[in-house]
Amino acid sequence: MLGIWRSEMERIWNRKSTILLYIAFVLIVIANIWSLKITDTMRFRFGEGIVAVNNLNLPWLMMSEVSLFLITAMLPILYVDQLSGDIHSGAYRLYVLRPYRRFQFWLGKLLALSVTTIFFTGTTLLIGVFAGWMLFPNSATFFKYGSTLPSTSTEAVSYTLAFYLLLTLVCLAKLMLSSVVCLFISRPLFAFIAILALSMFLYPIFKPLVVLMDPFQQILLALRVDGSFKFWMCLGVTVLLCSIVSFTRWQKKVI
């Protein structure tokens with residue numbers, strides 16, 4: 001199993017498309033930070049007003065637009081390239097000849113994509129922390145989302161880490177949703193369009209499912225006790241159902 005995971009990690013990062021996607025994402029993060037540096041303020045997209053940006057809140061404030069682009073475009077492009085792309089090209093016909101159980105190949109691919117996803121979000125966190133301390137005003141306090149009480153720098157660390165942990169979990173939920181779509185639609189372009197359309201379709205059905213398309217506000221609400229139940233319910237149900245459908249479909253799929 002470890003051999004499959006290593007092989008999949010090498011295949012993911014040996015592709016020029018993955019490297020180019022990663023570089024493009026890093027440039028988007030840097031451009032977004034620079035746009036915040038120009039004014040040292042950020043306007044919330046949901047009408048909450050304007051907040052001053054400092055070294056303590058930059059790492060999560062900058063994700064307002066970045067998280068939207070990450071989960072709507074960047075990661076789905078990566079996922080369909082690795083999942084639908086391999087299925088459509090017929091690569092799995094050779095992979096499954098190796099002496100492993102069939103489900104292990106799909107599990108290895110998903111684990112490799114999960115680690116790659118963590119690499120994307122982890123890089124964003126490091127860039128945000130570094131830029132916050134180097135480019136923005138140093139502050140001893142900050143305000144959590146929706147709070148009027150100042151929080152300390154120690155709380156800023158736990159708050160930021162919690163934000164990125166939830167963001168990573170949302171990205172992994174999007175991975176599982178993408179895996180289901182890719183098993184039913186093998187052409188990468190059509191699979192990407194289907195993932196985008198499905199994410200847009202689920203939102204009107206149950207509003208908290210907007211987390212699969214625009215997770216920023218939902219994550220911040222989840223960090224408050226009164227807003228966490230719906231978030232965890234949506235995330236848990238999505239991962240559970242998509243995992244069942246994904247592995248069931250993979251076991252029966254003719255490749």
Side-chain angles (χ1 to χ4, degrees), residues 1-15 17-18 70-72 74-121 165-203 205-206 208-209 211-213 215 231-255:
M1 185 62 211
L2 183 60
I4 296 178
W5 177 78
R6 288 177 176 173
S7 174
E8 292 294 347
M9 287 295 296
E10 291 177 0
R11 293 185 63 257
I12 290 173
W13 288 100
N14 283 339
R15 288 189 182 180
S17 58
T18 303
L70 175 67
I71 204 164
T72 303
M74 303 298 286
L75 289 180
I77 290 174
L78 172 67
Y79 297 156
V80 299
D81 179 48
Q82 295 294 327
L83 299 175
S84 284
D86 282 356
I87 294 173
H88 184 65
S89 66
Y92 274 112
R93 295 172 187 170
L94 297 176
Y95 299 157
V96 296
L97 295 178
R98 292 183 290 178
Y100 296 99
R101 293 184 179 181
R102 186 182 173 101
F103 82 91
Q104 290 180 307
F105 293 101
W106 196 242
L107 178 61
K109 171 67 84 172
L110 294 178
L111 288 176
L113 285 173
S114 297
V115 173
T116 302
T117 299
I118 294 172
F119 188 71
F120 270 70
T121 57
L165 174 60
L166 295 189
L167 174 63
T168 302
L169 293 176
V170 170
C171 292
L172 296 181
K174 192 63 176 274
L175 168 61
M176 295 313 303
L177 177 66
S178 301
S179 73
V180 172
V181 173
C182 291
L183 283 170
F184 285 93
I185 304 175
S186 60
R187 291 184 178 273
L189 177 59
F190 294 157
F192 176 79
I193 295 174
I195 292 169
L196 180 61
L198 183 59
S199 299
M200 296 175 64
F201 173 76
L202 291 173
Y203 163 57
I205 296 176
F206 189 52
L209 286 173
V211 71
L212 296 174
M213 189 170 180
F231 174 87
W232 287 110
M233 182 182 69
C234 290
L235 205 63
V237 171
T238 299
V239 172
L240 178 61
L241 290 181
C242 289
S243 297
I244 293 173
V245 175
S246 179
F247 280 94
T248 301
R249 174 65 177 171
W250 169 250
Q251 289 293 95
K252 297 180 179 180
K253 186 172 178 63
V254 177
I255 56 175

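The analysis underlying the following values was restricted to heavy atoms, covering all of them including side chains, and did not include hydrogens, waters or symmetry mates.
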Roughly how far, to the nearest 0.5 Å, is [atom2] of [Y] from [atom1] of [X]?
X    : Y    : atom1 : atom2 : value
C182 : F192 : SG    : CZ    : 11.0 Å
I71  : L175 : CD1   : CG    : 10.5 Å
C242 : L183 : SG    : CG    : 11.0 Å
L75  : S178 : CG    : OG    : 8.5 Å
I77  : L70  : CD1   : CG    : 10.5 Å
R15  : E10  : CZ    : CD    : 13.5 Å

Which heavy atom in I195 sits nearest to a heavy atom in P76, and how many Å separate them?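 Between these two residues, the closest heavy atoms are CG2-CB, 4.5 Å.
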For the residue pair V181 and A191, what are the closest heavy atoms and their distance?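 Scanning both residues, the minimum pair turns out to be CG1-O, 3.7 Å.
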Side-chain contact, heavy-atom cut-off 4.5 Å: [X] with [Y]?
X    : Y    : result
S199 : K174 : yes
L169 : F231 : no
L107 : F247 : yes
I12  : Q82  : yes
M9   : T116 : yes
L83  : L113 : yes
S84  : F190 : no
L111 : E8   : no

Side-chain donor/acceptor of S179 to backbone N/O of M176, under 3.5 Å: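 Judged by distance alone, yes, a pair lies under 3.5 Å.
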Within the side chain of T121, is there an N or O that forms a donor-acceptor pair under 3.5 Å with the backbone of I118?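 Checking the backbone N and O of I118 against the side chain of T121, a donor-acceptor pair under 3.5 Å is found.
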With sequence neighbours excluded, what pairs up with T117 under the side chain to side chain donor-acceptor pair (under 3.5 Å) test?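 Only Y79 meet the side chain to side chain donor-acceptor pair (under 3.5 Å) criterion with T117.
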Set of residues satisfying side chain to side chain donor-acceptor pair (under 3.5 Å) with respect to T72, sequence neighbours excluded: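 Per chain and number, T72 pairs via side chain to side chain donor-acceptor pair (under 3.5 Å) with no residue.
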Residues which pass side-chain contact (heavy atoms from CB on, under 4.5 Å) with L209, listed by chain and number, not counting sequence neighbours: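 Here the qualifying residues are L202, F206, L212, C234, T238.
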In terms of heavy-atom contacts, does CE of M233 have more than 12 from other residues, nucleotides or ligands at under 6.0 Å?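 Result for CE/M233: enclosed.
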